[in-house]
Amino acid sequence: MVAHPALFTPVRVGAVTLPNRVLMGSMHLGLEEVDGGFERLAAFYAERARHGVALMVTGGIAPNEEGRPWEDGAVMTDAAVEEHRLITDAVHAEGGRILLQLLHFGRYAHHADLVAPSALQAPISERPPRAMTHEEILRTIRDFASAASRAIEAGYDGVEIMGSEGYLLNEFLAPATNLRDDAWGGDAERRRLFPLRVAAAVREAIGAEAILSFRLSAIDLVDGGSTAEETIALARALEAAGVDLLNTGVGWHESRVPTIATLVPRAAFAEATRRIRARVGIPVVASNRISTPEVAERLILDGDADLVSMARPFLADPAFLAKAARGEAASINTCIGCNQACIDHTLTGRVTSCLVNPRAGHETVLTLAPTRRAERIAVVGAGPAGLAFAVAAAERGHRIVLFERRPDIGGQFDIARRIPGKEEFAETLRYYRGRIEELGIDLRLGADADADALDGFDRVVVATGVRPRRPDVPGADLPHVLDYAEVVREGRPVGARVAILGAGGIGFDVASFVSQAEPSPGGDALRSFERAWGISYAPESAGGAIAPVPLPPARTVRMMQRKPGRLGAGLGKTTGWIHRAELRHRDVEMLAGVDYLAITEAGVLVAHEGAERLVEADTVVLCTGQESNRALVPELAVRGIRHHVIGGADVAAEVDAKRAIRQGVELAATI
């Protein structure tokens with residue numbers, strides 16, 4: 001019997017019957033604009049199709065010059081058809097189907113010729129758009145149709161129109177961004193005319209047999225967005241216009257509500273999809289934070305959706321679906337929702353990849369072929385770098401002995417998984433535990449490997465990580481002064497008033513950890529999340545965004561950093577604002593440009609803004625950087641033992657699991 005039977009029940013989408021109910025959602029990979037990128041895109045999509053993804057959607061491609069994301073952004077032109085055929089041929093050779101997503105960036109574009117329904121600058125954009133004229137709107141409709149026709153010529157099985165996330169079509173729908181009073185704006189019926197005309201034109205251009213999907217904003221999560229009834233009216237009108245599939249999106253990019261980060265509960269927005277599905281007769285797709293087969297199966301069984309969209313889970317594990325079908329969900333390398341190598345890369349002009357799977361997007365350049373000569377390799381340290389190397393090297397055929405001085409694997413991930421909102425990091429450790437067993441890696445826990453124990457191996461990989469650094473501040477050795485590992489991993493008690501020295505990623509994690517209040521009695525995580533971030537499904541709510549009602553903090557917390565400027569400036573592009581907002585909700589005081597004069601029994605004496613001040617604290621937590629654990633390296637060098645140093649043991653600057661895991665896999669690929 002197939003595991004997760006609802007997920008693997010065929011479903012009719014337009015003229016096509018799909019063998020399962022999983023859509024690989026759109027992800028712009030950053031390869032669309034680089035030399036040789038389409039060969040790499042073809043390999044990326046083909047690998048996912050090979051493992052059973054029945055229908056996938058490309059990253060967004062602009063229908064015209066104004067709609068491109070940035071100056072050299074990809075546009076679906078006549079000249080691009082042959083390159084796109086590389087993708088469709090590769091996917092079809094593996095038995096899959098693929099849609100081209102047409103995406104007009106509207107006022108989110110990062111070039112000088114950006115356009116929108118009205119000349120209103122987005123809060124996340126660097127320049128205001130130009131309001132489109134009537135003639136430009138008509139031309140843009142024709143451009144969508146022409147681009148869709150080229151997609152069919154290139155071999156795509158259909159087209160998805162991006163009408164969500166605050167891009168151009170979504171901007172026409174919302175009263176907040178469409179201030180027009182002509183045929184294309186005013187009441188709800190006129191505001192939806194442009195998306196409907198685009199859908200009808202694309203339907204005509206691609207013919208009846210091709211799949212037409214529309215990415216519909218199920219809930220905007222911005223003030224002045226569409227109401228639930230307006231969204232349903234649009235969905236019904238799209239069905240009448242010939243759309244085969246409604247793929248739901250959640251939130252605009254400028255929304256102040258997290259929608260895909262790891263702290264968002266799994267399938268948090270199913271209610272938005274459910275209310276649309278109840279009112280239309282075509283399949284509806286649920287999306288956002290659906291990262292396991294169990295969650296996907298439940299959504300189908302509960303009637304929340306006809307299909308589920310997963311994007312980042314297929315970055316983390318291209319074999320996700322094949323493993324789920326075989327009942328091997330425990331062996332899936334689960335997406336942890338960190339955004340660090342995927343969306344953060346996309347928005348900063350880098351090739352999209354995955355923190356837990358650095359091969360994603362690099363399938364043709366980072367290969368793990370069977371080794372020609374198996375070696376016996378010792379790996380010292382079972383943090384992210386050591387685990388990544390050990391597993392990748394064992395997959396190639398090397399014999400691995402993995403030493404870890406602590407009683408369990410994980411290193412810095414063992415700390416991260418304990419932070420509120422980062423519980424998903426435990427999934428990566430679960431995955432590595434399974435792979436260690438499956439590959440026959442000799443794991444030796446509680447083992448402090450020295451040079452004597454490592455003599456006789458063909459080589460040694462030093463992945464001994466980091467240790468917290470204690471600053472040279474008077475009083476840093478007092479009993480109420482703890483480092484972050486003692487607080488988070490060892491569970492040392494902290495008082496009612498906490499002062500945190502250091503405001504990098506670890507400082508923010510500790511602030512979240514010590515300020516987190518227990519969920520209210522009888523409350524569940526989803527409802528607590530909705531209250532804390534201000535999400536409303538009330539029919540009259542325009543956009544579904546209301547005032548947040550966070551839980552009161554558990555403690556009084558003050559964070560400090562020596563350098564001037566905003567705290568958390570180095571946090572992730574798409575998650576840093578979440579961490580800052582979360583701590584503001586908890587009344588965490590943030591002080592920059594602080595000189596630590598001394599730590600006393602009463603707190604921390606600092607110089608701040610030209611004056612001395614005592615920051616009162618019962619507990620002081622040090623998040624003042626790390627030092628590499630490299631004591632083993634000189635011993636190996638003296639004995640002439642061939643060795644490599646990776647992860648935090650190599651570079652101890654801000655703890656960086658993305659770099660550590662990539663470094664481990666890249667080293668394994670070379671041996």
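Values below: every heavy atom of this structure, side chains too, minus hydrogens, waters and symmetry copies.
- Taking the six-membered ring for Trp and thresholds of 30 and 60 degrees, Trp70 and Phe105 have ring planes more than 60 degrees apart, a perpendicular arrangement.
- A salt bridge links Arg470 with Glu486: the closest approach of a Lys/Arg side-chain nitrogen to an acidic carboxylate oxygen falls below 4.0 angstrom.
- Side-chain contact of His480 with Glu601: a donor-acceptor pair under 3.5 Å is absent, judged by distance alone.
- Between Arg586 and Glu582 there is a salt bridge, since at least one side-chain N of the basic residue sits less than 4.0 Å from a carboxylate O of the acidic one.
- The existence of a salt bridge linking Glu424 and Arg430 is excluded, since no basic side-chain nitrogen approaches an acidic carboxylate oxygen closer than 4.0 Å.
- Checked for salt-bridge contact, Arg444 and Asp442 meet the test: a charged N lies under 4.0 Å from a carboxylate O.
- The salt bridge (charged side-chain N to carboxylate O under 4.0 Å, His left out) analysis of residues 551-569, with sequence neighbours excluded, yields the pairs Arg558-Glu589.
- Ion pairing between a basic and an acidic side chain is recognised when a charged N comes within 4.0 Å of a carboxylate O; Arg256 and Asp223 show no such pairing.
- Residue pairs that meet the ring pair (Phe, Tyr, Trp, His ring centres under 6.0 Å) test with at least one member in residues 599-653, sequence neighbours left out, do not exist here.
- Checked by atom type, the side-chain pair Thr574/Asn339 shows a donor-acceptor distance below 3.5 Å.
- Salt bridge annotation for Arg467-Asp483: absent, with no cationic side-chain nitrogen under 4.0 angstrom from a carboxylate oxygen.
- One finds no salt bridge joining Glu427 and Arg417 here, because no Lys/Arg side-chain nitrogen approaches an Asp/Glu carboxylate oxygen to under 4.0 Å.
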